[in-house]
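Input: a single structure, listed below in C-alpha cells.
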2 protein chains.
Amino acid sequence: MTNRASLQDIADQLGITKMTVSRYFRTPEKVAPATREKIAQAVKQSGYIHNRAPALMSKALSRTVGVVIPSLSNQVFSALVDGIETITNAEAFDILLAHSGYDPHIEERKIEMLLSYQVDGLILCETEHTERTRTMLKQAGIPVVECMELPESPLDMVVGLDHKAAAFDAVSRMIKSNKRRIVYLAARLDRRTMLRQQGYEQAMWEAGLTPQIVATPFQSSFSQGGSLLKQALDTFDRLDGIFCTNDDLAVGAMQFCQNAGIRVPDDLAVMGYNGLDIGLTMQPPLTSVVTPRQAIGIKSARLIIDVINGKPRKEKLFDLGFSYTDGHSLG
Amino acid sequence: MTNRASLQDIADQLGITKMTVSRYFRTPEKVAPATREKIAQAVKQSGYIHNRAPALMSKALSRTVGVVIPSLSNQVFSALVDGIETITNAEAFDILLAHSGYDPHIEERKIEMLLSYQVDGLILCETEHTERTRTMLKQAGIPVVECMELPESPLDMVVGLDHKAAAFDAVSRMIKSNKRRIVYLAARLDRRTMLRQQGYEQAMWEAGLTPQIVATPFQSSFSQGGSLLKQALDTFDRLDGIFCTNDDLAVGAMQFCQNAGIRVPDDLAVMGYNGLDIGLTMQPPLTSVVTPRQAIGIKSARLIIDVINGKPRKEKLFDLGFSYTDGHSLG
DNA sequence: ATTATAAATGTTACGAGTAACATACACGGC
DNA sequence: GCCGTGTATGTTACTCGTAACATTTATAAT
C-alpha cells in the first residue's frame with residue numbers, strides 16, 4: 001500500500017549497497033560488526049519489514065510449509081499443528097495455515113492458494129482429494145504429507161494410524177468386558193468415520209454379534225451425541241454399549257445417560273475416540289482411543305523438512321498407532 | 001522447486017504473448033472467446049498454478065487479508081473466521097491464517113510473517129501488542145481491525161463488545177435471581193478475563209456484596225472448571241452462585257456438581273460465557289453470555305475490504321453487544 | 001468506401017531481494 | 001616491500017506477472 005521501507009532505503013541512508021543489508025538479515029556473520037551495528041540501528045529506526053515477494057521469485061526456498069486442517073475448533077488438529085510448529089520453529093521455517101471444512105473442493109482452493117505462495121512443502125489432514133488437487137500437487141513437485149490416516153493411494157508420504165484397526169481393538173475390548181449389544185454412533189460421515197465403522201463391524205461379526213449403526217450426516221456435537229443415543233435406545237432393545245466415533249458424541253451420550261438415569265458402565269458401556277480432556281472429567285471418566293496427534297505433527301514436519309533439505313527417506317509410510325485414556329466407562 | 005509452468009510457457013505453446021494469458025485469468029471477458037478456449041485447454045493440460053510472487057512485487061493489491069487468532073481449538077474463533085470468510089469469499093479475497101497462542105510475542109512474529117506476504121489488511125483478536133507490533137503496523141499502512149473486545153488504545157478499527165458490561169449484566173441477573181454469595185471462576189488470566197472480573201466486581205459492589213475470586217493462570221479446560229469450583233467450595237462458605245469466565249469452566253463445574261450431588265440452580269446457580277453448544281446439552285441447560293462472534297467476523301472483514309476499496313468509514317468503533325443462551329442454570 | 005469506434009492483442013518497463021561472481025582492502029609471514 | 005589469504009563489500013543479472021500504453025484488427029455508421 002503505502003511505500004514501506006526497502007533494503008535500498010536503508011542502504012542509501014548508510015551509504016552502502018542493499019546487498020550488504022540483505023546479508024545482514026540472512027548471514028549476519030558475513031557482515032563486519034561495525035556495519036552490522038549501523039544497519040541494526042537503521043533497520044530499527046525505519047521499522048523495516050521483510051518483503052518476501054522478490055525472494056519468492058528467485059528459485060530459492062521460501063522456507064514455508066503449507067498446512068491444511070479440516071477444522072479450526074478441534075483439539076485434534078490444534079495438537080497436530082502444535083507438533084508441526086515444534087519442528088518448523090526449530091528449523092526456521094514458517095507455516096501457512098488454511099482450513100478446508102472437511103470439503104475436498106475447499107481443500108483444492110486452499111492448496112492452490114498455498115502453492116501460489118510457493119510453499120516448499122504441504123501437510124494435509126485428509127486423504128480424499130479432487131482430481132485437480134492431485135494434478136496440481138504432481139506439477140508442484142514439492143513434498144507432501146497426508147497425515148492422520150493411512151490412505152489407499154497416497155500422494156506422497158503418509159503419517160498416521162489405522163483407524164479401522166483402532167476401532168476393531170476398541171470394540172473388541174468392549175466385547176471382552178461382556179458387552180454384547182453394542183451400537184456405533186456416528187456423525188459427519190467422512191472417511192475416518194467410515195473406517196472406524198468398518199473396524200467396529202469386523203469386531204462385531206468376528207464375535208458372532210450383529211453390528212447396529214445410528215448415524216447422522218450432520219456435524220458432530222455434544223448435543224448430537226445425546227440425540228443419537230436416544231435414537232439408538234428407541235430403535236434397539238437392551239443396548240449395553242455404545243462405540244462413539246468421537247468424544248463429542250460420547251460426552252453428549254454420557255450426559256444423556258446421567259439425565260435419563262442410565263448407569264455407566266453397568267447399564268451401558270461407553271467408548272469414545274480421540275481422548276480429549278473433557279472425557280476424563282466425566283463420572284465415570286470416559287474410556288477413549290487416543291490418537292497420537294502431536295507425534296503425528298512432529299513426524300510430518302520432520303519428514304517434509306528432511307526432504308526439502310535433500311534427505312529423502314526410503315520409507316514413505318509411518319503408522320504411529322494408538323492408545324487409550326485411563327477411563328472407567330467400560331465396566 | 002521443479003520448474004512449474006509459467007504464463008510464458010503457455011503463451012509460447014499457443015503462439016501468443018503471456019499478457020493475453022494473464023488477462024485470461026484476471027479479466028477473461030477481455031479475451032476473445034476463441035482464444036479463451038485455446039488458453040483454457042493449454043492451462044488445463046499444463047496444470048498451471050498461479051504464482052503470486054511477481055504480482056506481490058507490483059504495487060497492486062494482494063487481495064489477501066491476514067487473520068491472527070489466539071487458538072486453533074476454540075469455537076469462538078472458528079465462528080469468527082467463518083464470518084470473515086463469508087465476506088472475503090464473496091469479494092474474491094483470500095485469507096492467510098496464523099495463531100498466536102495468546103502470546104503477544106508470537107503474535108508479533110506472525111504479524112511480521114503476514115506483512116512479509118504483503119497482506120492488504122489484518123484482523124487481530126487481541127488488544128495487547130508489543131511495541132514492535134505497533135511500530136510495524138504503523139509502518140505497514142494497511143487497515144487493521146482489532147476484534148472481540150474494545151481496547152483502550154486501538155491501533156485502527158475495532159469490532160467487538162464490552163466484556164465488562166456483559167459481565168456486569170450477567171452477574172446482575174444472578175443477583176436478581178436472589179443469589180448473593182457468587183464467586184468468579186477464572187483461568188488463563190488474559191485481558192478479557194480481567195475485564196469480566198471487573199464487571200463482576202462492579203455488579204457485586206453495587207449490590208452491596210463482596211466479590212470473591214478463584215483463579216488459575218493455567219489454560220482453561222473442563223477439568224479445570226471442576227477443580228476451581230472445588231477450591232471455591234472449600235474456601236468460601238455457603239456459595240450460591242458461580243460466574244465462570246467461559247463455558248469450559250462452567251461445564252466442568254456443572255459436572256462436578258452432578259458428581260457431588262449439588263443441585264443446579266437450587267443449591268448453586270451457574271453462569272457461563274460464550275454460549276457454546278455443550279452448555280445447552282447439560283441438565284439443566286447452562287445459561288451463558290453469547291458473544292456475536294460470527295457477526296464480529298463479518299463486520300471486521302467488511303470494514304477491512306471497504307477501506308481497501310477506498311471507502312473508509314468515519315466511525316472506527318463498533319460495539320456489537322451480547323445476548324444470552326436460553327438456559328435454566330440460574331434459578 | 002471511409003472514417004469513427006471498439007475489441008483484441010502486443011510492447012515495454014517495472015518491482016526488490018538474491019545468487020553468483022568480482023573487486024577492494026587488511027593483515028600476517030617471509 | 002611483496003605475496004597470499006581471507007574478509008568485507010560491490011556489481012550484474014535474473015525472476016515473471018502486471019500496469020500503462022501502443023498497435024492492430026474487426027465492426028459499425030455515415
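Order of the sequence lines fixes the chain letters, A, B, ..., with proteins taken first and strands second; residue numbering starts at 1 for each chain.
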Looking at every strand, decide which applies to B:Tyr48 at a 4.0 Å heavy-atom threshold: base, sugar-phosphate, or nothing. sugar-phosphate
Would you mind reading off the distance between A:Ile10 atom CD1 and C:dT18 atom P, rounded to a whole angstrom? 12 Å
From the list C:dG15, D:dT18, C:dG17, which nucleotide is the closest neighbour of the side chain of A:Pro54? C:dG17
Between A:Arg26 and C:dT18, does any side-chain N or O lie under 4.0 Å from OP1 or OP2? yes
Whichever of B:Lys18 and B:Ala32 has its nearest DNA chain C nucleotide further upstream toward 5': B:Ala32
To the nearest angstrom, the CZ-P distance between B:Phe25 and D:dT18 comes to 9 Å
A:Val159 pairs by side-chain contact (heavy atoms from CB on, under 4.5 Å) with which of A:Ile123, A:Val145, A:Asp319, A:Leu150? A:Val145
Could you please name the option among D:dG10, C:dT18, D:dT18 that lies closest to any side-chain atom of B:Met19? D:dT18
Do the charged groups of B:Glu91 and B:Arg302 touch, with an N to O distance under 4.0 Å? yes
Under 4.0 Å, counting only non-hydrogen atoms across every strand here, what does B:Val21 touch: a base, just sugar-phosphate, or nothing? nothing
Check: A:Arg23 side chain, C:dG17 base, donor-acceptor under 3.5 Å: no
Rounded to whole Å, please give me the gap between OH in B:Tyr24 and C1' in C:dA7. 19 Å
In whole angstrom, give the distance that lies between atom NZ of B:Lys30 and atom P of D:dT18. 13 Å
Please determine whether a side-chain nitrogen or oxygen atom of A:Ser22 lies at a distance below 4.0 Å from atom OP1 or OP2 of C:dT18. yes
Can you tell me how far apart CG (A:Leu96) and CG (B:Leu114) are? Round to the nearest 0.5 Å. 8.0 Å
Among C:dG17, C:dG10, D:dG17, which is the nearest nucleotide to the side chain of A:Leu7? C:dG17
How close or far is atom C1' of D:dT15 from atom CD of A:Gln118, stated in whole angstroms? 11 Å
B:Gln8 CD to C:dG10 C1', in whole Å, measures 12 Å
Regarding A:Leu56, tell me which of base, sugar-phosphate or nothing describes its non-hydrogen contacts under 4.0 Å with the strands shown. nothing
Can you say whether the rings of B:His50 and B:Phe25 are parallel (under 30°), tilted (30 to 60°) or perpendicular (over 60°)? tilted
A:Ile16 CD1 - D:dT11 P separation (whole Å): 12 Å
To the nearest angstrom, how far is A:Arg52 atom CZ from D:dT15 atom C1'? 17 Å
Going from CG on B:Leu80 to OG on B:Ser300, what distance comes out if it is rounded to the nearest 0.5 angstrom? 6.5 Å
DNA chain D: 5'-proximal contact among A:Thr35 and B:Met57 (nearest heavy atom): A:Thr35
Would you indicate, yes or no, if D:dG10 has its OP1 or OP2 atom less than 4.0 angstrom from a side-chain nitrogen or oxygen of A:Thr20? yes
